[in-house]
Amino acid sequence: MVDVYIQDLAAHVGKEVTLKGWLYNGREGGKIMFLILRDGTGLCQCVATQDSLSEEDWLKAKSLTQESSFTVTGTIRADERAPGGHEMDVRTLDVVAIAEEYPITPKEHGIEFLADRRHLWIRSRRQVAILRIRHTIIRAIRNFFDDHGFTLFDAPILTPNAVEGTSTLFETEYFKLGKAYLTQSGQLYGESGAMALGKIYVFGPTFRAEESKTRRHLTEFWMVEPEMAWFDLDDDMKLAEDFISHIVQAVLKERPNELAELERDTAVLEKIVPPFPRVSYDEAVEMLHSDKTARMVDDRIAAAEKEAEELKAELASNKEQYGKVKEWQRKKFDAREIQINNRLTDLEEMLRNLPKWKESARNFEHGGDLGGSDETLLTWYFDKPVIVHRYPAAVKAFYMKRDPQDESKALAMDVLAPEGYGEIIGGSQREDNLDFLLERIEEHKLPKEVFEWFLDLRRYGSVPHAGFGLGVERTVSWICGLDHVRETIPFPRLIHRNRP
RNA sequence: UCCUCGGUAGCUCAAUGGUAGAGCAUGCGGCUGUUAACCGCAGGGUUGCAAGUUCGAGUCUUGCCCGGGGAGCCA
């Protein structure tokens, strides 16, 4: 086992300790060597000189390749220049295993290359930071519910039918009982739990066989779904904003180093406290139709065009100078060219999309569901998550209760994260009237037989109740400021990838 | 399923239709404070696959394969 981990080095300054880990990177300078040791809790630069080591240990140190495992013993010294703030002056060193040539070099790699090596990629600093924040988020989720009188209620993963009938699910043969499906939501079971225990939360993996190929979708993801007896829609929204705020504040408090590693702007996260802005669907549609929305899009188009022009000018100027400058300057031009081209590709994508977004918002038809771009435009109005509520019943699930003030609306709510991260929560007050629920099941052409047990919840002491589902990966992606959910889970499952 | 962008050395990327290059990685040599170290030398290629246009194709055309981003759907 390990006596001392790198994250605890502050308590060992001036003392001799042994560290165990892997070589993250190394630099050699004649008779001095800098070994960056990685132990899973941090990085420590170990300084070895030819004078301070035996000849045998010096040769061992020289033999280390990237990701070779080894142990080092030496004195810990505080040093501001070192990442993590501490360094070791090495006295002795032992090699455990010399690594073969490691594919993931300390340079840039494409996403396909890294995804094929996900089992190694997770050793990288950035991935370690993300996975630690994921852990903190999951703990914050559980703490929040546990401290608010909720009981964990596990729903089955194999289910006999689709919850909402709309999604495509993964199916499998279930002995002699016919088809079974991997769950797309634990909600219906959660409702039974709320009637038994009052306040519960279902927390587990969820599966969708939709061919969604975007930065927000996985085929297998984790969702937490609280369900509360005696809660109405307002109670539900209040809980959601308290819940999200608690998670964000917990990450800010417990993971400042990891957020720094990810270069996350924490100022925008500090603002995530209740209350969140609330916009009804009708208000949202007005906002989409407004001149202000059109102007916001125009401003972004203008900014993107300006940036693209400046970058193209720089590229042209660099090309002109390229032939005239010394070789060492050419390297800088080469590196800059790659950087500029990557940014230009992003800008071109934006410039293709933004006019479409503007049109789609301007022509949005009242009564339809909000599209991804419409949601993004709405979030531009606020620096906190925005809650959109009371959607048209026609675009929402059968189990959502109708608004008594306006029968065309469902008592539904979505929470949209800022900065374009989109829907992180979808929830509603549930239909508690047996007859209405039966009507809905008929309207949606769902097989009544498989919902009999669910209908029983309305037959035996039905009460108003509500709940929501929060997508863990989307939440991690937003809080970490990532551009894709595939980095938020150890082994992401995507439409074109189910390995490693 | 549809729209859109791409596939060149192990990796990240350059290359007006005219002799395929750079950085990193790897190997060897040099350097006692490096921070994705640096300096010198070396090896490394069926330009995704197939056909076509052309004196000549990484570059143009068509088809296919693979991947990125997006739509629909959703967390």
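Throughout, protein chains are lettered first and strands after them, A, B, ... in sequence-line order, and every chain is numbered starting at 1.
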Can you measure [X] atom [atom1] to [N] atom [atom2] for me and round it to whole angstrom units?
X        : N     : atom1 : atom2 : answer
A/Met350 : B/G68 : CE    : C1'   : 18 Å
A/Lys356 : B/C2  : NZ    : P     : 16 Å
A/Lys62  : B/C28 : NZ    : C1'   : 11 Å
A/His217 : B/G69 : NE2   : C1'   : 14 Å
A/Asp369 : B/G72 : CG    : P     : 9 Å
A/Glu28  : B/G29 : CD    : P     : 10 Å
A/Met33  : B/G33 : CE    : P     : 14 Å
A/Arg352 : B/G69 : CZ    : P     : 14 Å

Which one, [options], comes nearest to the side chain of [X]?
X        : options             : value
A/Ser212 : B/C73, B/G69, B/C74 : B/C73
A/Asp51  : B/G69, B/G33, B/U32 : B/U32
A/Lys31  : B/U32, B/G70, B/C74 : B/U32
A/Glu112 : B/C11, B/C66, B/G68 : B/C66
A/Thr49  : B/U32, B/G67, B/G68 : B/U32
A/Met223 : B/G69, B/C73, B/A75 : B/A75
A/Glu87  : B/C11, B/U26, B/U34 : B/U34
A/Ile32  : B/G69, B/G68, B/G33 : B/G33
A/Glu375 : B/C74, B/A36, B/G33 : B/C74
A/Glu101 : B/C73, B/U26, B/G69 : B/U26

How far does the [atom1] atom of [N] sit from the matching atom of [M], given to the nearest Å?
N     : M     : atom1 : result
B/C60 : B/G56 : C1'   : 13 Å
B/C66 : B/C49 : P     : 15 Å
B/G21 : B/U47 : P     : 14 Å
B/G52 : B/U59 : C1'   : 15 Å
B/U8  : B/C31 : C1'   : 36 Å
B/U26 : B/C11 : P     : 15 Å
B/C65 : B/C13 : C1'   : 23 Å
B/C64 : B/A25 : C1'   : 33 Å

When you check the gap from the basic side-chain N to the acidic O, do [X] and [Y] get nearer than 4.0 Å?
X        : Y        : value
A/Glu359 : A/Lys356 : no
A/Arg126 : A/Glu487 : yes
A/Lys396 : A/Asp414 : yes
A/Glu423 : A/Arg474 : no
A/Arg38  : A/Glu67  : yes
A/Lys31  : A/Asp51  : no

Would you indicate what [X] reaches in the nucleic acid, counting non-hydrogen atoms under 4.0 angstrom: base, sugar-phosphate, or nothing?
X        : result
A/Glu348 : nothing
A/Gly422 : nothing
A/His496 : sugar-phosphate
A/Arg77  : base
A/Gly110 : sugar-phosphate
A/Ile36  : nothing
A/Arg125 : nothing
A/Gln66  : nothing

Worksheet item: Looking at side-chain heavy atoms only, is the closest gap between A/Met413 and A/Leu233 below 4.5 Å?
Response: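 Of all side-chain heavy-atom pairs linking A/Leu233 with A/Met413, at least one is under 4.5 Å.
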Discussion item. Is any side-chain heavy atom of A/Gln187 closer than 4.5 Å to one of A/Glu227?
Written reply: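 Yes, their side chains come closer than 4.5 Å.
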Worksheet entry | No-H, no-angle donor-acceptor pair, A/Gln50 side chain to B/U32 base, under 3.5 Å |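 Absent.
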Discussion item. Whether the side chain of A/Arg117 and the base of B/C11 hold a donor-acceptor pair under 3.5 Å is what I'd like checked.
Written reply: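 Such a pair does not exist between side chain and base.
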Does [X] place a side-chain N or O at less than 4.0 Å from the phosphate oxygens OP1/OP2 of [N]?
X        : N     : value
A/Arg216 : B/A71 : yes
A/His109 : B/A25 : no
A/Arg486 : B/G69 : yes

Discussion item. Please tell me whether A/Thr41 and A/Asp39 have a donor and an acceptor in their side chains that are separated by less than 3.5 angstrom.
Written reply: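 On atom types as modelled, these side chains qualify, holding a pair under 3.5 Å.
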Quick one: look up who [N] pairs with, Watson-Crick or G-U, both distances under 3.5 Å, and put none if it's unpaired.
N     : answer
B/A14 : none
B/G69 : B/C3
B/C64 : B/G48
B/U8  : none
B/U34 : none

Practice prompt. Between A/Thr65 and A/Trp222, just flag the one whose closest nucleotide in RNA chain B comes earlier from the 5' side.
Written response: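 The 5'-side residue here is A/Thr65.
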Item to complete: Would you kindly compare A/Glu473 and A/Trp357 by the position of their nearest RNA chain B nucleotide and give the one closer to the 5′ end?
Response: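 That would be A/Trp357.
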Worksheet item: Yes or no on ring pair (Phe, Tyr, Trp, His ring centres under 6.0 Å) for A/Phe221 and A/Phe207, after CA distance, side-chain angles and deciding distance?
Response: CA-CA 7 Å; A/Phe221 63 98; A/Phe207 308 86; 8.4 Å; no
Discussion item. Looking at B/A75 and A/Phe221: do their rings stack (centroid distance under 5.5 Å, interplanar angle under 30°)?
Written reply: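 The ring of A/Phe221 is stacked on B/A75.
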